[in-house]
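Worksheet for the structure shown next.
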There are 2 protein chains.
Amino acid sequence: MDTPRWLNDEEIALWKRLQAISEILPATVDAQLRADVELTRYEYYVLAMLSEAPERRLPMSTLALVTNGSLSRLSHAARRLEQEGWIVRERVPTDRRAMIATLTEAGFAKIVDAAPGHVERVREVLFDHLDPDQVAALNAALAPVLAALLPELGDPAECPGSC
Amino acid sequence: MDTPRWLNDEEIALWKRLQAISEILPATVDAQLRADVELTRYEYYVLAMLSEAPERRLPMSTLALVTNGSLSRLSHAARRLEQEGWIVRERVPTDRRAMIATLTEAGFAKIVDAAPGHVERVREVLFDHLDPDQVAALNAALAPVLAALLPELGDPAECPGSC
DNA sequence: GATAAATAGTTGAACTCGCAAGTATTGAAG
DNA sequence: CTTCAATACTTGCGAGTTCAACTATTTATC
């Protein structure tokens with residue numbers, strides 16, 4: 001093994017910042033969702049993605065992609081969400097390996113109910129401390145990072161039914 | 001409850017990017033460490049912080065702070081690390097509630113062995129795709145976010161024995 | 001058209017982590 | 001000097017995630 005390409009000071013600082021953010025941000029949001037609406041952050045995200053999808057339904061594979069989760073993680077989460085009655089899973093007739101997850105009416109009501117508290121916490125922990133210029137700067141600075149992490153998806157916000 | 005203060009498009013984009021990064025970055029690093037050196041990312045971070053501390057030792061409380069983890073999480077991790085022989089925990093004579101964690105020689109050798117592969121993966125997933133200007137821009141843009149998340153600590157990179 | 005390989009998804013076991021509760025010690029108040 | 005609260009951890013349990021293994025179906029290959 002060759003001599004390692006160590007990080008310089010700027011890189012170390014950035015890496016530590018990213019680690020801290022990745023640790024604290026999700027934990028904060030999780031705590032609010034669990035306490036207030038008994039949902040995991042991941043479960044919330046699954047419901048949110050379904051609620052924005054056409055017909056409020058997506059194949060499991062696609063759902064795993066847009067939620068940045070493994071298929072296994074999604075499958076476990078889907079079982080819980082189905083037990084609670086927030087979604088249903090059905091086989092696709094044209095490809096009988098595939099499953100389509102559909103948000104139920106109750107599930108839609110659930111996320112409509114959960115969203116305000118969630119957004120409020122996100123504001124408290126993040127946006128209340130940032131002015132619009134800082135938000136724009138962050139968006140610009142983070143774009144190349146995501147391009148590196150998700151080689152295929154240029155923008156995580158874009159993901160119509162086709163992906 | 002008043003009408004929620006919804007996020008605008010820029011804020012939504014930023015929030016999704018931060019979520020994606022917080023999901024993917026730690027998972028990628030975790031996978032490398034588990035596969036190559038049988039360490040959790042958190043365990044690695046604990047060893048790393050100890051290796052940089054004066055005398056390679058820190059009280060558990062301080063260690064929990066600098067690793068951005070709860071005391072419970074650290075306690076669980078410390079038990080595993082102690083069982084493997086990478087650290088030892090000893091009571092402090094002056095305050096017999098406190099425990100000091102010390103990196104053993106084997107533990108120091110362990111992180112010296114683990115570091116190159118870890119850094120290499122960090123490079124692959126992040127810094128190989130960013131030029132120095134982008135790194136600087138990210139550092140600048142992320143600073144206010146961390147200031148919001150960690151009201152007390154201005155800079156996560158700074159944390160001498162005093163904190 | 002049979003066989004192999006790839007795709008879609010599920011499941012069980014192992015492991016980590018958060019929470020609540022518990023122990024031990026120190027500091028503060030009366 | 002006793003009591004009560006705060007500090008510094010530890011531990012058991014439960015919940016979520018990952019990994020490997022498995023089933024089922026579809027596509028590709030010979």
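Quick note on labels: first sequence line is chain A, next is B, and so on, each numbered from 1.
- In this structure, the CE atom of A:M99 is 12 Å from the C1' atom of D:dA24, given to the nearest Å.
- Against DNA chain D, the stretch residues 76-89 of chain B makes heavy-atom approaches under 4.0 Å through B:H76, B:R89.
- Of the candidate nucleotides D:dC9, C:dT10, C:dC17, D:dC9 has the atom nearest to the side chain of B:A98.
- At whole-Å resolution of the value, CG in B:L74 and C1' in D:dA8 are 12 Å apart.
- Within a 6.0 Å radius of CD in A:E38, other residues, nucleotides and ligands contribute 12 heavy atoms or fewer.
- Look at CG on B:L39: it is 10 Å from P on C:dT16, rounded to the nearest Å.
- Mapping A:E23 and A:R97 onto DNA chain C via the closest heavy atom, the residue that lands nearer the 5' end is A:R97.
- The hydrophobic cluster containing A:I21 also contains A:L7, counting ILVMFWY residues as joined when their side-chain heavy atoms lie under 4.5 angstrom apart, directly or transitively.
- Under the 4.5 Å side-chain heavy-atom criterion for Ile, Leu, Val, Met, Phe, Trp and Tyr, A:V125 and A:V135 are members of the same hydrophobic cluster.
- Atom CZ in A:R34 sits about 10 Å away from atom C1' in D:dG14, given to the nearest Å.
- Here the P atom of nucleotide D:dC9 and the CG atom of B:L71 are 6 Å apart, to the nearest Å.
- Between the base of D:dC19 and the side chain of A:S72 there is a donor-acceptor pair shorter than 3.5 Å.
- When heavy atoms are screened at a 4.0 angstrom cut-off, B:D30 is found touching no nucleic acid atom at all.
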Name the atoms and distances for all side-chain donor-acceptor pairs under 3.5 Å in residues 136-143 of chain B, with sequence neighbours left out.
unit_1	atom_1	unit_2	atom_2	d
B:N139	OD1	A:L14	N	3.3
B:N139	OD1	A:R17	NH1	2.8
B:N139	ND2	A:E10	O	3.0
B:N139	ND2	A:E10	OE1	3.0

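- A:L65 places its CG atom 10 Å from the P atom of C:dA8, with the value rounded to the nearest Å.
- Between the side chain of B:R96 and the base of C:dT25 there is no donor-acceptor pair of N/O atoms closer than 3.5 Å.
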Is there a side-chain contact (heavy atoms from CB on, under 4.5 Å) between A:R79 and A:H76? Walk through the geometry before answering. CA-CA 5 Å; A:R79 177 173 41 72; A:H76 286 300; 3.2 Å; yes

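- Around the CG atom of B:D131, the shell of radius 6.0 Å holds more than 12 heavy atoms that belong to other residues, nucleotides or ligands.
- Residues B:P59 and B:V92 fail the side-chain proximity criterion, which asks for heavy atoms closer than 4.5 Å.
- Rounded to an integer number of Å, the gap from OH of B:Y42 to C1' of C:dT16 is 12 Å.
- For A:L63 and C:dA8, the CG to C1' distance is 13 Å, given to the nearest whole Å.
- Distances shown here put every side-chain N or O of B:S75 at or beyond 4.0 Å from the OP1 or OP2 atom of D:dC9.
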